[in-house]
Amino acid sequence: MAILPARLKAGAPDPLGATWDGLGVNFAVFSANADRIELCLFDRGGRREIARYDLPQCTDEVFHGYLPDALPGLIYGFRAHGPYQPERGHRFNPNKLLLDPYAKALFGDIHWSDTLFGYRVGAARADLSFDRRDSALAMPKAVVTGADAVWGDHRRPKRGWSETVIYEAHLRGLSMQRGDVAPEQRGTFAALQNPRLIEHMVDLGVTAIELLPVQAFLQDRFLVERKLSNYWGYSTLGFFAPQTSYLADAEQAGHEVRSAVRRLHEAGIELILDVVYNHTAEGNEMGPTLSWRGLDNASYYRLMPGHERYFINDTGCGNTLNINHPRVLQMVMDSLRHWAEAYQVDGFRFDLGTILGREASGFDPGSGFFDAIRQDPVLGKLKLITEPWDLGPGGYQLGNHPPGFSEWNAAFRDGVRRFWRGDDSQRPEIARRLMGSPELFDHRRRRPWASINFVTAHDGFTLHDLVSYAQRHNLKNGEDNRDGSSDNQSANWGVEGETGNPAIQQVRERLKRAMLATLFVSYGVPMLLAGDELNRTQRGNNNAYCQDNELSWIDWSVLHDGTAAPLLAFVARLSALRRRYPSLRSSWFHHGLETIGPDLADTAWFDEAGRDLTSEAWADPFARLLALRRASHEGEVADATLVLLNASDQDREFTLPEPALEWTLELDTANPQLQRAAFSAPIIKVAARAVVVLGAPIEE
C-alpha cells in the first residue's frame with residue numbers, strides 16, 4: 001500500500017462492507033445508535049494495528065469512508081463508540097475490535113481470552129461492568145477482497161424438484177478419510193472437487209449435495225476448554241465469508257469454492273448450503289463482543305421488551321437475530337445473494353426457519369423475510385428449504401411455511417421409524433407419509449416436493465445406529481449423556497450396539513433396506529444422510545456436534561474391503577427405480593379421484609388379500625401390512641407401481657389387486673440381489689420387515 005493518508009475521504013454509504021473499486025476501498029457499516037465508528041488497519045500478520053481512522057460521514061445510519069490506493073488483502077476491523085447501557089440494550093465498547101458483518105474473508109482465528117468480553121468477566125456486576133482491555137490480539141480480522149469472478153456462460157444444473165435426490169453431508173467429514181485426496185486438501189472445498197468423490201454421488205443417483213454450515217463460524221469457548229470443537233458449525237461468525245479451515249489455500253478462497261461448484265455442476269449436481277440466520281456466535285448477555293453486539297446490539301438482536309439487558313432466546317442459542325429490522329433483513333438478503341451470485345450455489349436450507357418468519361405477533365408465513373426472498377429475482381428461483389421449527393412459543397410450524405419453500409419433514413422421519421419398528425396403529429401414518437404428507441402440504445397449490453423426506457439427518461442417529469441402539473451414547477460430548485434427543489424411535493433388536501449374532505444382523509440389514517426403500521418410493525424429495533450408504537456408525541452418539549474426529553468422519557475404507565458394496569448398490573438401485581417410474585415421484589398430490597387407465601385410479605389402498613381397505617381395517621391397531629397402488633400420466637409416460645409393505649415379523653402373502661397388469665418385479669428388500677423380472681402370478685410373498693415394488697406400463 002502507498003503511504004497512508006491522514007484521514008479518509010467521505011466515500012459512500014452503499015454498498016455495505018469493504019468494496020475495492022480499482023483505485024481504493026470504500027468502507028460502509030450500519031449502526032443506528034453509535035456515536036462514531038473507527039476503521040482499524042493491521043499489518044500483514046494481523047497482529048499490529050498500523051492505522052486508525054474515524055469513518056468521516058454517516059448517511060441514513062450508515063457510517064462510511066474511502067481509503068485511496070488501498071488494495072485487496074488489506075486486513076481491518078472496526079471499533080464503535082457509543083453508550084454502554086446494557087439495561088437499555090446498548091453495549092458499545094471501543095476497546096473491542098469488531099468484525100465487519102459484511103466481511104467476505106477472514107484472517108486468523110479467535111484466541112479465547114477474557115479481553116473478548118465487553119464486561120469484566122467475574123465482576124460482581126457481571127455484564128453491567130465495563131472492560132477496558134483491547135481485544136485486537138485475540139480477534140480474527142476482516143480481509144478486503146477483490147471483485148467477484150465472472151462466471152461467463154456457466155449454467156446451473158437447474159434440476160427439477162421431482163427428480164431431486166439430496167445428499168446431506170459435512171464438508172470436512174466427507175473427505176477427511178479419503179486416501180485419494182492430498183492430506184493438505186482433506187476437509188476442504190478443494191477435496192469436494194475430487195472426481196471419485198463426485199463419481200460416488202453420481203452413482204448413487206444424487207442430484208444435490210446439502211452441506212452443513214460453511215459460512216465462517218466460531219469455535220465456542222466451552223468446547224475449546226473441553227478439548228472438543230464446534231464440528232457442525234451452527235454458530236455463525238460471518239455471513240459472507242467461507243469458513244477458513246474449509247479452505248486448502250485461504251488466499252484463493254473464492255477460486256477454491258467456485259472451482260468446487262463448477263465441478264459439481266459439470267456432473268449435474270446442485271449445491272445447497274445449510275445457513276444460520278436465526279442467531280449468531282455472540283450468545284446471550286454474557287457472551288463475547290465480536291461484531292454485531294458491539295456495532296449496534298439494540299438493532300441486530302431481539303431484546304426483551306422493558307428488560308433490554310436480556311435477549312429473546314427463541315433459538316436456544318442465547319440470542320435471536322432481529323430479522324424484522326430493515327438493515328438486519330438487508331444483511332441476510334445481501335448475504336444470500338452473495339452466495340448465490342459470487343459462488344452460484346443452487347439453494348439454501350434455513351436452520352430453525354420458523355425464526356425467520358416471526359413477527360411481533362408470532363410466526364407469520366407472510367413475514368417480511370418470506371416476502372422479501374420470494375419476490376427476489378435471484379433468490380426466488382433457487383431451491384429454498386426450511387427447518388420448520390424453533391424453541392420459541394408456537395415454534396413447531398411444519399406445513400405452515402409459504403409456497404416456494406420446501407420443509408424438512410420430521411413427521412416422515414418419525415412415522416417411518418415407528419412403522420418399521422413395529423409400533424401399533426401406524427398403518428394410516430405410513431400411508432400419509434408415502435403420499436407426501438398431504439395433510440400438511442396439500443394447500444395453497446403446493447406440490448409434493450414441499451416435503452423434504454428423511455429417515456436420518458446429521459442431528460440424530462445414523463441409519464446403522466438407528467437399528468443398533470435403543471439409547472443414546474453421548475458421554476464423549478462431556479455432558480453426562482444429557483444432550484441429544486432421548487426419543488429416537490429406534491431399537492437394537494436384541495443387543496445394544498455392535499454384535500456378531502447373525503440373526504440380529506440380518507434383521508438390522510433388512511430394516512435398513514426397508515426404511516431406505518420407503519424413503520425412495522414416497523412422494524416428496526428424498527434426502528440421504530452421507531455415509532448411510534456405507535453403514536456409517538457414530539457408535540450410538542446421536543448428537544455428534546462437537547466430535548471432529550473419526551466418530552463423525554465418513555470411513556471410505558469400506559469401499560475397498562467390500563463390506564459396504566451391497567448397501568451401496570441397493571441405494572443406487574432405489575434411485576434408478578425412482579427415475580424409471582414417475583408414479584413414485586409424482587409432481588402432484590393424488591387422492592384416488594382421477595382415473596389413469598381402465599379401472600385404475602391414481603391411488604388405491606389394499607390389504608394383503610387385494611381388497612380395498614375399509615375404515616375398520618384402517619383403524620386396526622395391529623395391522624402392519626399395506627399395499628399401495630399408484631398410477632400416473634406425466635408427459636408421455638403412463639405407469640403404475642404397486643408397493644407392498646410388511647412390517648410384521650412373519651413372511652406374508654399378498655394377493656395382487658385387480659385389474660391385472662403386466663407387472664415387473666422391480667425390488668424385494670429381503671432379497672436385494674434379485675434382478676428385475678416379469679411377474680404374472682396372482683400372489684406374491686413379502687418377507688418379514690420387507691418392501692416389494694412392482695411396476696407396469698399403462699396402455700390407455
Side-chain angles (χ1 to χ4, degrees), residues 29-42 46-49 51-55 58 61 63 76-101 108 110-142 218-222 224-225 235 237-238 279-313 317-322 325 327-328:
V29 60
F30 158 75
S31 180
N33 294 293
D35 297 328
R36 65 186 177 100
I37 292 181
E38 295 174 307
L39 168 69
C40 302
L41 306 183
F42 291 83
R47 294 183 59 81
R48 184 171 62 89
E49 185 176 318
R52 188 181 297 193
Y53 299 100
D54 276 357
L55 293 178
C58 186
E61 300 180 334
F63 290 80
Y76 71 99
F78 293 123
R79 298 180 189 272
H81 296 255
Y84 188 81
Q85 299 170 339
E87 302 96 327
R88 299 180 58 187
H90 300 309
R91 295 177 179 269
F92 295 98
N93 186 336
N95 301 293
K96 309 305 167 184
L97 188 75
L98 307 173
L99 281 174
D100 181 357
I110 200 161
H111 299 284
W112 279 108
S113 162
D114 289 351
T115 64
L116 291 167
F117 296 79
Y119 62 93
R120 295 286 296 187
V121 174
R125 300 185 68 233
D127 61 304
L128 298 180
S129 62
F130 188 80
D131 189 279
R132 300 184 182 279
R133 292 171 293 179
D134 195 323
S135 68
L137 284 176
M139 277 289 294
K141 282 82 176 176
L218 182 71
Q219 290 296 334
D220 305 272
R221 189 177 197 176
F222 77 95
V224 172
E225 290 175 349
S235 190
L237 187 59
H279 74 282
T280 77
E282 290 185 309
N284 63 15
E285 67 276 4
M286 304 305 291
T289 296
L290 308 174
S291 178
W292 309 273
R293 169 174 286 142
L295 286 167
D296 193 347
N297 185 72
S299 293
Y300 277 108
Y301 294 114
R302 293 177 59 207
L303 306 178
M304 296 292 291
H307 302 276
E308 284 78 10
R309 175 184 176 184
Y310 303 106
F311 293 73
I312 292 174
N313 185 21
C317 300
N319 63 56
T320 305
L321 266 180
N322 185 18
H325 192 290
R327 286 296 187 184
V328 182

For the student: nearest non-hydrogen atoms of Tyr84 and Leu128, plus distance: CE2-O, 3.9 Å
Do the non-hydrogen side-chain atoms of Trp292 and Pro101 ever get within less than 4.5 Å of each other? yes
Do you know the tightest heavy-atom contact between Asp220 and Ser235? OD1-OG, 3.3 Å
d(Cys58 SG, Asp35 CG) to nearest 0.5 Å is 10.5 Å
Quick one, Met304 and Ile312 - any side-chain contact, counting heavy atoms below 4.5 Å? yes
Do any N or O atoms from the side chain of Ser113 and from the backbone of Leu116 form a donor-acceptor pair under 3.5 angstrom? no
Backbone N or O of Ala123 within a donor-acceptor pair of the Arg120 side chain at under 3.5 Å? no
How many angstroms lie between atom CG of Asn33 and atom NE2 of His90, to the nearest 0.5 angstrom? 4.5 Å
Give a yes or no on whether Tyr310 atom OH has more than 12 heavy-atom contacts from other residues, nucleotides or ligands under 6.0 Å away. no
Side chain Asn297, main chain Gly89, donor-acceptor under 3.5 Å: yes
Is a donor on one side and an acceptor on the other found under 3.5 Å between the side chain of Lys141 and the backbone of Ala136? yes
Is the shortest heavy-atom distance from the side chain of Phe117 to the side chain of Thr289 under 4.5 Å? no
Side chains of Ile37 and His81: does their closest heavy-atom pair fall under 4.5 Å? no
For a quick test of reading the model, state the closest non-hydrogen atom pair linking Pro288 to Trp112 and the distance between them. CG-CH2, 3.9 Å
Could I get the full list of ring pair (Phe, Tyr, Trp, His ring centres under 6.0 Å) partners for Tyr53, not counting sequence neighbours? none
Got a sec, which pairs hit salt bridge (Lys or Arg N to Asp or Glu O under 4.0 Å) with one end in residues 279-303, sequence neighbours left out? Arg302-Asp314
Would you say the side chain of Phe42 lies within less than 4.5 Å of the side chain of Leu97, judging by non-hydrogen atoms? yes
Selection residues 77-86 - residue pairs positive for salt bridge (Lys or Arg N to Asp or Glu O under 4.0 Å), sequence neighbours left out: Glu49-Arg79, Arg79-Asp134
Expected output: side-chain Asp131 to main-chain Arg133 donor-acceptor under 3.5 Å: yes
Hey, does the side chain of Lys96 reach the backbone of Leu290 with a donor-acceptor pair shorter than 3.5 angstrom? no
Contacts of Tyr301 meeting ring pair (Phe, Tyr, Trp, His ring centres under 6.0 Å) (sequence neighbours excluded), chain-then-number -> Phe311
Counting N and O atoms only, with roles assigned by atom type, does the side chain of Asn322 sit under 3.5 Å from a partner on the main chain of Ser299, one being a donor and the other an acceptor? yes
Taking all non-hydrogen atoms of both residues into account, name the closest pair between Phe63 and Arg36 and its distance. CE2-CA, 3.8 Å
Using side-chain heavy atoms (C-beta onward) and a distance below 4.5 Å, is Leu321 in contact with Thr280? yes
Mark yes when over 12 heavy atoms from residues, nucleotides or ligands other than Arg52 sit less than 6.0 Å from its CZ; otherwise mark no. yes
Which pairs, with at least one residue in residues 80-95 and sequence neighbours excluded, count as a salt bridge (Lys or Arg N to Asp or Glu O under 4.0 Å)? Arg91-Asp127
Between Leu99 and Leu295, which heavy-atom pair has the shortest distance, and what is it? O-CD1, 4.0 Å
Listed by chain and number, what are the side chain to side chain contact (heavy atoms under 4.5 Å, CB included) partners of Asn284, not counting sequence neighbours? Met286
Under a 3.5 Å distance rule, please check whether Ser291 uses its side chain to pair with a backbone N or O of Leu98 as donor and acceptor. no
Phe30 and Tyr300 aromatic ring geometry - parallel, tilted or perpendicular at 30°/60° bounds: perpendicular
